[in-house]
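In what follows, a structure is listed as structure tokens, so that the remarks can point back to it.
In each ligand, atom 1 is the first atom listed, and ligand 1 is the first ligand listed. These numbers come from a predicted model, not from an experiment.
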Amino acid sequence: MGKINSYKHIFFDLDHTLWDYEKNSNEALNELFLKYKLNSLGINNCEQFTLCFEEVNRSLWDDYNKNKISRDGIREQRFLRILSQFEINNLELSEKLSTEYLMLCPTKPHLIPYTFEVLDYLKANYQLHILTNGFNDVQKLKLEKSNLHTYFSTVVTSDSAGYKKPMSSIFKYAIDKAEARKNESIMIGDNLQTDILGARNFGMDTIYFNPNKETHKSSVTHEIDCLSQLKSIL
Ligand SMILES: [Mg+2]
């Protein structure tokens with residue numbers, strides 16, 4: 001039995017909300033670190049490599065969300081910038097790392113704790129959807145390899161929609177595709193700007209997933225630090 005509310009459609013962000021980006025990415029980076037013996041090139045340990053990746057990647061994705069860089073731009077720049085931080089100037093290596101990371105990372109299956117438990121609980125009473133700023137091919141692979149794909153009626157990526165969160169156009173596109181109404185829909189995500197502010201400006205209720213309990217001043221309908229808490233809201 002679900003709670004009494006007017007929601008029929010739940011829209012989930014994917015990366016960092018259900019799919020454990022950090023864990024999956026670190027696993028892929030570890031494998032590449034060993035394969036290409038990056039320690040022999042001056043990167044002392046894999047932790048330095050993964051920390052540098054996180055920093056560079058976050059900054060590139062912030063730029064992507066603000067339309068300052070394209071999908072191909074991220075792919076070209078990511079490992080070039082990381083290697084250059086370790087004073088390694090090797091375009092060929094950077095291209096190899098970029099290609100192999102893109103192939104490897106989306107095949108990793110690790111999910112945020114309680115993902116399956118919560119989706120199994122919710123699917124009985126709601127239609128579930130994915131709304132992500134990721135790329136079509138990559139996000140599809142992640143959903144399949146982690147066995148998430150069977151839970152969702154629709155999957156909208158910024159790639160397929162032609163708009164990205166926080167633009168209202170992508171929320172409109174997503175609810176139209178889901179044949180939903182915004183007053184019976186709720187958005188769950190970890191990003192205050194793209195997921196929460198975007199949905200709120202569009203007129204949708206929101207659940208902010210804040211696992212690190214970061215302080216903020218944004219207006220959210222609900223806030224959780226563990227996915228299991230969704231059971232007391234929905
Ligand atoms: Mg996210």
Side-chain angles (χ1 to χ4, degrees), residues 9-28 50 53-69 71 74-75 78 101-102 105-106 108-116 118-119 122 128-143 145-146 148-149 151-152 154-161 163-168 170-171 173-174 185-202 204-214 216 218 220-230:
H9 297 268
I10 304 175
F11 292 84
F12 283 93
D13 169 55
L14 183 58
D15 292 338
H16 303 282
T17 297
L18 298 177
W19 195 78
D20 194 336
Y21 195 105
E22 207 165 297
K23 193 169 179 181
N24 291 315
S25 175
N26 286 351
E27 206 172 277
T50 54
F53 178 93
E54 273 168 42
E55 198 184 299
V56 168
N57 195 46
R58 189 177 308 124
S59 141
L60 287 169
W61 272 96
D62 282 348
D63 285 350
Y64 175 81
N65 289 333
K66 292 173 190 156
N67 291 317
K68 288 183 184 168
I69 194 169
R71 156 204 171 110
I74 292 183
R75 293 176 172 188
R78 202 157 39 186
Y101 176 81
L102 281 167
C105 188
K108 301 291 180 187
H110 304 293
L111 298 173
I112 300 287
Y114 298 99
T115 292
F116 283 126
V118 157
L119 293 179
L122 292 175
L128 310 180
H129 310 276
I130 292 284
L131 178 48
T132 165
N133 270 4
F135 308 126
N136 237 2
D137 47 354
V138 177
Q139 301 307 71
K140 193 166 169 248
L141 201 54
K142 288 176 184 173
L143 288 166
K145 294 289 180 181
S146 61
L148 278 182
H149 60 295
Y151 288 91
F152 300 99
T154 67
V155 174
V156 167
T157 67
S158 52
D159 213 14
S160 61
Y163 314 104
K164 52 176 85 90
K165 296 180 284 185
M167 294 168 74
S168 284
I170 194 171
F171 290 93
Y173 180 97
S185 304
I186 191 163
M187 176 77 209
I188 303 175
D190 70 293
N191 189 308
L192 280 174
Q193 193 62 33
T194 53
D195 300 319
I196 303 304
L197 190 65
R200 184 179 144 79
N201 284 343
F202 175 63
M204 245 162 93
D205 282 356
T206 57
I207 300 176
Y208 175 39
F209 177 48
N210 185 10
N212 300 323
K213 300 182 186 177
E214 283 165 28
H216 66 89
S218 301
V220 303
T221 318
H222 301 279
E223 179 165 339
I224 56 173
D225 55 60
C226 174
L227 290 180
S228 64
Q229 293 159 358
L230 287 175

Is any NZ, NE, NH1 or NH2 atom of the basic residue among Arg71 and Asp137 found under 4.0 Å from an Asp or Glu carboxylate oxygen of the other?
yes
Check whether Trp19 reaches the backbone of Lys108 with its side chain - one donor and one acceptor, N or O, closer than 3.5 Å.
yes
Output field: ring centroids Phe135/Trp61 closer than 6.0 Å:
yes
Relative to the ring of Phe116, is the ring of Tyr151 parallel (under 30°), tilted (30 to 60°) or perpendicular (over 60°)?
tilted
Those residues at least two apart in sequence (or on a different chain) that pass side chain to side chain donor-acceptor pair (under 3.5 Å) with Asn67 are Lys164
Around the Mg ion (ligand 1), what protein N, O or S atoms are found below 2.8 Å?
Asp13 OD2, Asp15 O, Asp190 OD1
Here the pair of heavy atoms bringing Val220 nearest to Leu192 is CG1-CD2, 4.3 Å
